[in-house]
Amino acid sequence: MKKTAKAYGAKSATADLEPMTIERRELQATDVNIDILYCGVCHSDIHTVRNDWKGSTYPVIPGHEIIGRVTEVGPNVNNFKVGDLVGVGCMVDSCQSCNSCQHDLEQFCENGATFTYNSPDKHLGGQTYGGYTTSVVCDQEFVLRVPENIDPKGAAPLLCAGITTWSPLRHWKVKKGDKVGVIGLGGLGHMGVKFANALGAHVVMITTSPDKADDAERLGAHEVLISKDQDAMKAHANSFDFILNTIPVGHEMDPYLSLLKIDATMVLVGAIENMREFHGGSLVMGRKRVAGSLIGGIKETQEMLDFCGEHNIVSDIEVIDMQNINEAYERVTKNDVKYRFVIDMASLK
Ligand code: NAP
Ligand code: ZN
């Protein structure tokens, strides 16, 4: 039987989020029903609600940093049982057969991955609804196992902010002693700092906010570079092995490219929109590279969660009630969050 769930969503790009009731599909053979305990608030939720990327269909029910407990499993579920602590990230389905899926890169599914919200819903029609709700039904292949030894509230942001920063650090093989820059100390950036530190890199937090310097060091940065300070930027020129750029909007890239060593790469994960023009010389002079990265595959997400279990890594969070979501959105937009809001879903039940 289809179930209903309480939710919060937006009816248009200019509307506040408000209470709604949504349907969840009947449990299929390989489905898991999850009672949601916590859901992180990603800047992508806000971009989607505000239609910044132009593809939003309303109502939008955001949320792709989901932590919960399994309450029911379909007859063919073999990976999970009732009571397990689990997570759902940015994807809930993919074709499982294309070249990308076979290589554990479901996020690049050639037939189109089904994202957790605002993606065509194959079962119910319409759009998928995310984690700002009391429950979710998900195929077991897209459910992650969450280590029981880490705080489940702080684990929620690992499902997006965590994997989005972990994946490029691993793909570009960041290693002990590398000089790694993380640009932007927000939800993604603070996880980037923690992971780069845990991988043994010399971590430099590159920020527009001098008042975040102490926090950056507490989180694992060895140095802080204020990007508006041109002398400091010059002092770090041509010295970075790798830079992870989490700035959420289009921006001038030349100042950051000047920081890279010969053959080094800057990976964009934030600005999923037009970047400002950059000077070809910024790449040519030093054979430098700019690349992009999108979340990570399911296997890699599980590896990241296991690493967090072993190293006791979670996000630094501020817990809110569902009813305070609109204020939280305003604060993220004003760059006033330390460093991720997480909704306590008990407030909606
Ligand atoms: P966030 O918490 O708002 O953090 C972004 C940080 O960027 C801010 O804290 C700020 O740090 C810095 N910043 C903001 N505006 C800036 C500007 N105009 N110029 C320079 N720096 C600026 O956002 P988030 O949740 O980490 O997400 C970051 C971006 O990644 C968003 O666009 C989101 O949609 C995207 N995202 C991408 C993926 C992916 O798979 N590629 C996954 C998740 C999210 P400082 O104060 O330190 O400067
Ligand atoms: Zn996200």
Side-chain angles (χ1 to χ4, degrees), residues 39-53 55-56 62-66 87-91 105-108 113 115-118 130-132 156-168 171 181-194 204-216 219 221 224-229 233 243-253 255-256 267-273 275-276 291-297 300-301 304 315-318 328-342:
C39 184
V41 177
C42 180
H43 206 126
S44 301
D45 301 353
I46 304 176
H47 288 307
T48 308
V49 164
R50 300 289 168 240
N51 201 18
D52 290 342
W53 299 327
S56 303
H64 57 205
E65 295 184 338
I66 299 169
V88 176
C90 302
M91 296 180 281
L105 295 168
E106 299 87 351
Q107 72 273 36
F108 304 127
F115 292 94
T116 305
Y117 58 78
N118 203 55
Y132 293 9
L158 300 176
L159 276 309
C160 174
I163 184 58
T164 302
T165 51
W166 173 259
S167 180
H171 182 78
V182 177
I183 311 176
L185 188 49
L188 267 53
H190 94 289
M191 289 313 305
V193 168
K194 288 186 187 213
V204 182
M205 181 71 238
I206 305 170
T207 177
T208 60
S209 309
D211 58 317
K212 292 182 185 171
D214 288 347
D215 275 350
L219 293 164
V224 175
L225 171 56
I226 308 301
S227 51
K228 293 168 183 162
D229 179 343
M233 289 288 277
I243 296 179
L244 180 63
N245 180 341
T246 76
I247 300 173
V249 290
H251 56 274
E252 302 274 356
M253 284 207 290
Y256 300 113
V267 172
L268 306 178
V269 290
I272 308 173
E273 57 182 36
M275 290 297 276
R276 309 229 180 99
S293 189
L294 178 70
I295 46 174
E300 194 173 39
T301 307
M304 178 272 311
S315 285
D316 284 36
I317 57 164
E318 203 176 312
Y329 273 25
E330 258 175 54
R331 284 187 49 200
V332 173
T333 312
K334 284 192 299 204
N335 198 359
D336 172 27
V337 51
K338 290 182 175 173
Y339 282 89
R340 196 57 135 192
F341 287 114
V342 170

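As the structure lists them, so they are numbered: ligands from 1, and atoms in each ligand from 1. Predicted, not measured: the structure shown is a model, and the values here were computed from it.
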- Message: Around the Zn ion (ligand 2), how many protein N, O or S atoms are found at less than 2.8 Å?
- Response: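 The number of such protein atoms is 3.
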Taking atom [atom1] of [X] and atom [atom2] of [Y], what is their separation to the nearest 0.5 Å?
| X | Y | atom1 | atom2 | answer |
| --- | --- | --- | --- | --- |
| S44 | I272 | OG | CD1 | 5.5 Å |
| D336 | F341 | CG | CZ | 6.5 Å |
| C42 | H47 | SG | NE2 | 7.5 Å |
| M205 | L225 | CE | CG | 9.5 Å |
| T246 | M191 | OG1 | CE | 12.5 Å |

- Query: Regarding N245 and H251, is there a side-chain donor-to-acceptor distance under 3.5 Å anywhere?
  - Reply: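 Yes, a side-chain donor-acceptor pair sits under 3.5 Å.
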- Item | Contacts of type salt bridge (charged side-chain N to carboxylate O under 4.0 Å, His left out), residue K194, not counting sequence neighbours |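 Counting only residues at least two positions away or on another chain, K194 forms a salt bridge (charged side-chain N to carboxylate O under 4.0 Å, His left out) with D316.
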- So which residues, sorted by chain and number, lie with a heavy atom under 4.0 Å of ligand 1?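 Its neighbours under 4.0 Å (heavy atoms only) are C42, H43, S44, H47, W53, C160, T164, G184, L185, G186, G187, L188, T207, T208, S209, K212, T246, I247, P248, V249, V269, G270, S293, L294, I295, V332, N335, R340, given by chain and number.
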- T165 side chain vs A161 backbone, donor-acceptor pair below 3.5 Å: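 A pair under 3.5 Å: yes.
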- Message: My understanding is that only residues two or more places apart in sequence, or in another chain, count here; which of them pass ring pair (Phe, Tyr, Trp, His ring centres under 6.0 Å) with Y117?
- Response: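 If we apply the ring pair (Phe, Tyr, Trp, His ring centres under 6.0 Å) test to Y117, skipping adjacent residues, the hits are H64.
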